[in-house]
Protein chains: 2
Amino acid sequence: MSLRIALLGLLTAAGPSSGYDLAKSFESSLNYVWQASHSQIYPELVKMASDGLVTADAEGARGRKTYTITPEGADQLRAWLREQAPSLTVRSESALQAFLLPVLAPQDAVAVLERLRERYVKKLEALEALCADSSAGERFGRYALDHGIRHVRATVAWADDTIADLRARG
Amino acid sequence: MSLRIALLGLLTAAGPSSGYDLAKSFESSLNYVWQASHSQIYPELVKMASDGLVTADAEGARGRKTYTITPEGADQLRAWLREQAPSLTVRSESALQAFLLPVLAPQDAVAVLERLRERYVKKLEALEALCADSSAGERFGRYALDHGIRHVRATVAWADDTIADLRARG
DNA sequence: AGCCTCATGTAAAATGTTACATGATTGG
DNA sequence: CCAATCATGTAACATTTTACATGAGGCT
């Protein structure tokens, strides 16, 4: 369901798009919260078309198919948002590493954390650049971007404090 | 791989455990960052035993099997932690909702967010209670719990600010 | 001509979820 | 004795990832 919803959302935000476009949108805008590759997206769009949630254009150059959200698709998206209480759980490999850190000797744990922290700082810079780019009017994706930035900042702060704690222990 | 690593970590943290115990550990301690149910855990433990990462006791009461991590298992866990740069992406249904919020009329979006905020506040209270419970010495899970608390706090703050923003727009 | 990006798809494998199925032990 | 919890497993299904496969169009 989530994939379908995400695609409907992207089609609303960006207007008519091809599967290829949508795959790129996933990479750029949605990547921090959800992932999907073209091999998942193409078949899903076909199913969504047969369910009447989107319509496909005749093919353009290079076999390009442009999908447009239908009123039923828009209804279904809004209904899902209003009615579906989302799961609060998260799947995060880096947080899993964080959990397991104490199995390492403190100095090894510090090394792992410093590497992780560095990568998060880069991610934060990338997100902040995106935020600066987006003109003030662009509401779409803005809330999620803000959400992402706060999370990454929280992670960097956590890494700092955890590194300090590990160092204090030796 | 992540499931296997998580199980090795839990076996290190909690000592010899049954699949049932491990499933409960997932629910209580690891739930915020990773999920797995008994139907995934039992077969995985069998595979891990055949790969020499854990050993199984003879059965106890009610068919209970206690698994113990082997030195090879511990090595593999530490090697993974030291060498594997984890993916920084996250899969979060609630963050996906956050992203899609602008498709709703502002007052509907506010209602959705308020409901979400309430659930996160409850989650925060539960995590903070856990944190207070855990005696100061207990390092295991502490870093991850701290990580989780910071993330949930960041989410609540984000919800507050986003609600305010949506209200300001009408 | 050759390389890169665009563009679509399918297949196989791995992973994760939900449902079904069974039975022992403990506590009230 | 009954209900809850302990305890294990399998099967079916859904989802996700990785790999394979193909070809058009643009640029140098």
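In what follows, every chain begins at residue 1, and chains take the letters A, B, ... in the order their sequences are listed.
- Between the CG atom of A:Leu45 and the C1' atom of C:dG9 there is a distance of 12 Å, rounded to whole Å.
- One interatomic measurement links the two molecules: CD of B:Glu59 to P of D:dC6, which rounds to 18 Å at whole-angstrom precision.
- Under the 4.0 Å criterion applied to side-chain N and carboxylate O atoms, B:Arg169 and B:Asp165 are assigned as salt-bridge partners.
- Taking 4.0 Å as the cut-off between side-chain N and carboxylate O, B:Asp21 and B:Arg64 count as a salt-bridged pair.
- Taking the side chain of A:Ser37 as heavy atoms from C-beta on, and the options C:dG9, D:dT17, D:dT16, the nearest nucleotide is D:dT17.
- Residue order along DNA chain D, read from the 5' end via each residue's closest nucleotide, puts B:Lys24 first among B:Lys24 and A:Lys47.
- Out of C:dT18, D:dA7, C:dG16, the shortest distance to the side chain of B:Asp21 is found at D:dA7.
- Residue contacts for A:Arg4: at a heavy-atom cut-off of 4.0 Å it reaches no nucleic acid atom on any strand shown.
- Summarising the geometry, the separation between CG on B:Leu96 and P on D:dT15 is reported as 14 Å, rounded to the nearest angstrom.
- Exactly one residue among B:Leu8, B:Leu77, B:Ile69, B:Asp75 makes a side chain to side chain contact (heavy atoms under 4.5 Å, CB included) with B:Leu53. That residue is B:Leu8.
- Side chain of B:Gln40, nearest nucleotide from C:dT8, C:dT17, D:dT15: C:dT17.
- Proximity of a side-chain donor or acceptor of A:Thr68 to a complementary backbone N or O of A:Thr66 within less than 3.5 Å is not detected.
- Nucleotide C:dA24 holds its C1' atom 12 Å from the OH atom of B:Tyr20, rounded to whole Å.
- Atom-to-atom, CD1 of A:Ile41 to P of D:dT17 comes out at 11 Å; the value is rounded to the nearest Å.
- A salt bridge links A:Arg167 and A:Glu114; the closest N-O separation between the charged side-chain nitrogens and carboxylate oxygens is under 4.0 Å.
- D:dT17 atom C1' lies 16 Å from atom CG of B:Leu3, rounded to whole Å.
- An angle of 30°, rounded to 10°, separates the two end axes of the helix from C:dA1-D:dT28 to C:dG28-D:dC1, each defined over five pairs.
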5' to 3', nucleotides 19-28 of chain D under a 4.0 Å protein heavy-atom cut-off (B base, S sugar-phosphate only, - none) gives B----BS---
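- For D:dT17, one of the phosphate oxygens OP1 or OP2 lies less than 4.0 angstrom from a side-chain nitrogen or oxygen of B:Arg91.
- A search for ring-ring contact (aromatic ring centres under 6.0 Å, His included) contacts involving A:Tyr42 returns A:His38, not counting sequence neighbours.
- When the side chains of ILVMFWY residues are joined at heavy-atom separations under 4.5 Å, either directly or via intervening members, B:Leu45 and B:Tyr20 end up in two distinct hydrophobic clusters.
- When the C1' atom of C:dG16 is taken as reference, atom CD of B:Glu93 falls 14 Å away, rounded to whole Å.
- Looking only at atom types and distance, the side chain of A:Tyr120 has a donor-acceptor partner in the side chain of A:Ser94 under 3.5 Å away.
- B:Lys47 has a carboxylate O that lies under 4.0 Å from a charged side-chain N of B:Glu44, or vice versa, which qualifies the two as a salt bridge.
- Computed from coordinates, the B:Arg64 CZ to D:dA7 C1' distance equals 9 Å when rounded to whole Å.
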